[in-house]
Amino acid sequence: MKKYNFKKIEKKWLSLWIKKRLWKVKDSLHHKKKKYILDMFPYPSGEGLHVGHVEGYTATDILTRFYRMNGYNVLHPIGFDAFGLPAENYALKKKKNPSSFVPKNIARYRKQLLSLGFSYDWDREISTTDPEYYKWTQWMFLQMYKHGLVYEKEAPINFCPNCKTGLADEESIGGKCERCETPIEVRFLKQWHIKITAYAERLLEDLEELDWPEHIKEMQKNWIGKSEGYEVKFALTDYPEPLKIFTTRLDTIFGATFIVLSVSHPLIFKITKPDYMMFMEDYVRNELKKEKLGIIDKEISGIFTGSYAINPMNGFKIPIWVSNYVLSGYGTGAIMGVPAHDERDWNFAKKFNLDIIKVIKHSLDEETNADFTSVQCFTEDGILINSDKYSGLTSSEAREQIGAYLISLGLAEKKIYYKLRDWIFSRQRYWGEPIPLIRCNKCGIVPVPEKDLPVVLPKVKSYQPTGTGESPLKNIHHWVRVKCPSCRSIAERETQTMPQWAGSCWYFLAYILKKKQSSKKYKISFDLKKLKYWMPVDIYVGGVEHAVLHLLYARFWNKFLYDLNLVPCKEPFLKLFNQGIILGPDGRKMSKSKGNVINPDDIIKHYGADTLRMFEMFLGPLEVEKPWSSEGIKGIERFLQRVWKLSLWLDKVYKTKRTKLLKNKAKEQELLIALHKLIYEVTQSITSFRFNIAIAKMMIFEETLRRNLENNVYIAKDIFLTFIKLLFPFAPFISQEIWHLLGKKNFLDKEKWPQFNPKLLSSQLTTYIIQVNGKKRGVLEVKADNLSVNEAKKLVQSLPLYKKYLENKTIKQIIFVKGKVINFVLADAKS
RNA sequence: GCCUGGGUGGCGGAAUUGGCAGACGCUACGGACUUAAAAUCCGUUGAUCGCUACGAUCGUGUGGGUUCGACUCCCACCCCAGGCACCA
């Protein structure tokens with residue numbers, strides 16, 4: 001028998017599918033229920049698609065085909081995130097302009113995606129580097145500017161000396177550059193910032209309604225880092241102005257035995273006593289230098305100011321210190337030190353021999369120890385002690401009551417702080433969207449008029465990053481020089497570009513808004529009606545690496561557009577699914593240097609697209625990290641070959657009038673039941689993202705069919721065709737070919753997804769597990785679905801196991817779970 | 001240190017959420033076909049004992065608990081992966 005020739009057949013169907021524009025999605029079907037199934041669009045690097053892409057994209061393709069066959073209008077687009085550092089670095093290495101080879105990379109990606117049979121609507125393809133696309137990225141930036149969300153500020157920022165550009169906080173992963181893993185330096189640079197912090201609360205709150213993996217939500221929550229507490233004023237003994245500290249643990253205020261200021265606190269030199277001034281100046285200068293260099297001292301240090309503050313609750317006079325362990329950029333840059341109930345304060349107090357007062361105990365019945373030298377640091381909430389009339393309250397009660405008291409005296413206010421910082425939005429690199437602002441000596445910053453958008457990135461030969469904090473665009477004088485839109489005098493363009501993440505903040509909208517004009521040209525225009533139909537994205541699949549980068553930025557961007565009434569929903573991505581990384585065959589992360597990279601092109605060449613798709617789905621649950629197996633793929637190859645052989649066999653059978661196969665009613669019914677069970681299982685597995693299970697079940701069914709044929713049992717054509725339909729989303733090429741082979745002229749894409757018949761499922765035999773004292777001793781197969789305990793007992797008595805285990809024994813109890821188990825508990829069982 | 005996941009055969013992984021542990025696939029071993037090999041097909045494959053037909057005992061990171069019954073629930077601990085890390 002002929003082997004399945006995937007090369008020829010995949011090529012044939014692919015060209016037909018493209019020619020027929022089978023996956024074109026119409027917006028006009030507003031009466032039809034919709035699904036928006038989105039992939040994180042790829043970055044078209046020089047290396048081409050990797051197996052990780054294939055994993056996520058296959059999953060969404062299966063879902064897309066599944067929902068389409070179930071009557072949904074499914075939007076499943078793709079595009080390219082082509083601005084950014086890797087493309088630029090690669091271009092620099094090759095001494096070319098990114099714009100000359102990025103289209104080539106895109107073409108390669110497109111070809112690869114096509115060859116895998118992903119059913120994207122290619123008419124909606126976009127690239128963030130298309131001027132029509134980034135015109136709108138710039139336009140949205142200008143809207144933010146006009147709404148006061150954009151500001152320029154000189155600040156210490158993360159700077160990657162290798163990429164030679166400033167980075168956002170989110171791009172610093174454990175102190176290293178997100179892209180190249182070079183340790184990050186701190187530099188003082190004038191940078192454009194976007195006030196993402198203005199959305200902190202909403203970004204946090206709206207996480208609740210999202211169907212996202214818990215750990216991604218958690219990561220975003222931590223990143224936003226909300227803490228609710230009180231700002232408390234401490235009076236100073238020798239200075240008229242009070243000092244403000246921030247605390248989330250107002251309940252521990254009776255235990256505050258000192259105050260600590262950060263090294264950049266404005267009060268330091270106003271309150272430091274002359275005797276301490278020299279040391280203080282040295283210390284602060286030193287620490288500030290370290291801070292500038294981005295050095296984080298693990299060792300706690302500190303110095304006394306000589307001044308004292310008064311604890312507003314108990315009137316204690318407590319010393320004021322300056323230390324490197326208090327951050328200047330958070331809260332008020334000053335804290336109250338409660339060593340008994342904060343580990344860092346504890347370490348500080350121990351080091352400098354400061355008082356420690358215990359004011360919280362674990363529980364009501366705990367003995368309170370008057371001997372403070374034996375106090376242990378205890379950071380959790382508990383019951384107050386040594387706290388005047390507040391003793392005996394729980395921590396949360398005390399916070400409320402002490403807070404209310406201090407507020408009534410005007411000494412405190414409720415305050416919320418976030419860890420989230422504003423988004424540093426300018427990059428000193430060439431390959432990005434130019435920031436559409438103009439610097440005029442007379443008028444200051446002037447936005448580029450909207451009619452002049454896009455500000456096109458000039459094509460130049462030399463665009464080496466300068467490393468000085470200047471953008472390489474600065475040297476392109478003819479581009480920089482421009483008339484001020486407001487006063488017409490000579491002005492300069494802003495030369496910094498936007499970060500990589502800008503384009504991906506709204507690409508999911510662009511797919512909807514794109515209007516194709518010719519094979520190369522398109523327009524984007526905002527259309528709330530279309531957005532209302534398609535948004536939000538129903539299923540979004542992509543890697544975990546974007547947990548606090550893209551996913552946070554895009555949520556923010558969408559919320560801003562929502563506020564402008566340009567998009568209809570608060571949140572862009574309803575359901576998020578993270579595919580797990582595919583590791584190399586050695587169980588380590590794939591990397592060139594380790595030589596364990598699996599290239600999808602090679603696999604397609606050897607096994608074909610269907611096998612690759614299916615194998616990646618069979619590897620394990622989509623969300624877990626799992627190693628590639630070069631042996632394992634053979635299992636899928638064999639399976640598809642068997643399906644192919646089966647169809648050739650059956651084709652012959654259906655074509656011959658007189659077949660030697662027997663039409664057996666009972667067997668046929670059995671097969672039908674198995675088929676409907678399969679429909680049920682595959683449907684369930686797809687909707688719950690358990691593609692590996694769906695494949696396992698199909699394998700079992702294939703074997704059932706084969707066994708029947710080998711035993712000369714006739715298989716109805718409809719049964720086999722239905723099986724092929726189930727296989728189709730996973731392996732579209734071979735399924736379509738078999739469909740065609742068996743005389744079907746249409747495209748499987750246009751077929752309806754099979755529905756299972758619940759009656760067939762419930763008419764099966766029910767298998768009861770017979771247990772004695774909880775141990776399995778046998779099974780009982782019955783047809784009746786409302787078996788009573790007594791009937792069950794009678795049936796069991798007729799089984800051989802009864803004699804062995806139950807005869808002459810006293811049955812204490814029979815546990816009977818309908819449809820599942822019958823458990824005989826014997827009297828002489830364990831006590 | 002804190003947070004979030006997770007520990008099931010030689011390996012990747014199943015188990016309808018408390019009811020047959022190890023589906024499906026790979027590997028390995030044995031067999032059929034073949035001059036031979038590959039491919040394909042058939043069988044075996046958690047451990048130990050019985051080892052002949054039936055079978056028996058143990059077994060889901062460790063220790064305890066709840067239950068007629070626990071991979072699944074509860075408590076304590078150990079280990080692995082990812083994230084955050086002076087955020088008061």
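The sequence lines fix the lettering, A, B, ..., with proteins before strands; numbering per chain opens at 1.
The closest side-chain donor-acceptor pair between Ser227(A) and Tyr330(A) falls under 3.5 angstrom.
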Dump the pairs, protein N or O against N or O of nucleotides 41-45 of chain B, anything under 3.5 Å, distances to one decimal.
unit_1: C42(B); atom_1: OP1; unit_2: Arg706(A); atom_2: NH1; d: 3.3
unit_1: C42(B); atom_1: OP1; unit_2: Arg707(A); atom_2: NH1; d: 2.9
unit_1: C42(B); atom_1: OP1; unit_2: Arg707(A); atom_2: NH2; d: 2.8

Check nucleotides 9-17 of chain B for protein N or O atoms closer than 3.5 Å to its own N or O atoms and list the pairs.
unit_1: G12(B); atom_1: O2'; unit_2: Leu619(A); atom_2: O; d: 2.6
unit_1: A14(B); atom_1: OP1; unit_2: Asn692(A); atom_2: ND2; d: 3.4
unit_1: A15(B); atom_1: OP1; unit_2: Arg690(A); atom_2: NH2; d: 2.2

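In terms of the salt bridge (charged side-chain N to carboxylate O under 4.0 Å, His left out) criterion, Glu343(A) has no residue partners (sequence neighbours excluded). When the salt bridge (charged side-chain N to carboxylate O under 4.0 Å, His left out) test is applied to Glu218(A), no partner is found at least two apart in sequence or on another chain. Legend: residues meeting ring-ring contact (aromatic ring centres under 6.0 Å, His included) with Tyr283(A), ordered by chain and number and at least two apart, are absent. Contacts of Glu625(A) classified as salt bridge (charged side-chain N to carboxylate O under 4.0 Å, His left out), with partners at least two apart in sequence or in another chain: none. Applying the salt bridge (charged side-chain N to carboxylate O under 4.0 Å, His left out) criterion to Arg399(A), with sequence neighbours excluded, gives Asp251(A), Asp381(A). Contacts of Arg642(A) classified as side chain to side chain donor-acceptor pair (under 3.5 Å), with partners at least two apart in sequence or in another chain: Glu702(A). Checked against ring-ring contact (aromatic ring centres under 6.0 Å, His included), Phe756(A) has the following partners two or more places apart in sequence or in another chain: Tyr680(A). Residues that satisfy the ring-ring contact (aromatic ring centres under 6.0 Å, His included) test with His546(A), not counting sequence neighbours, are Trp501(A), His550(A).
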Bracket string, RNA chain B, 5' to 3' - pairs by Watson-Crick or G-U geometry under 3.5 Å, | interstrand: (((((((..(((......[....))).(((((.......))))).((((.....))))..(((((..]....))))))))))))....
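As judged by a 4.0 angstrom heavy-atom cut-off over every strand, Val326(A) is placed among the base-contacting residues.
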Listed pairs under 3.5 Å, donor-acceptor, residues 687-701 of chain A side chains, sequence neighbours left out:
unit_1: Thr687(A); atom_1: OG1; unit_2: Thr683(A); atom_2: O; d: 3.1
unit_1: Thr687(A); atom_1: OG1; unit_2: Gln684(A); atom_2: O; d: 3.1
unit_1: Ser688(A); atom_1: OG; unit_2: Gln684(A); atom_2: O; d: 2.7

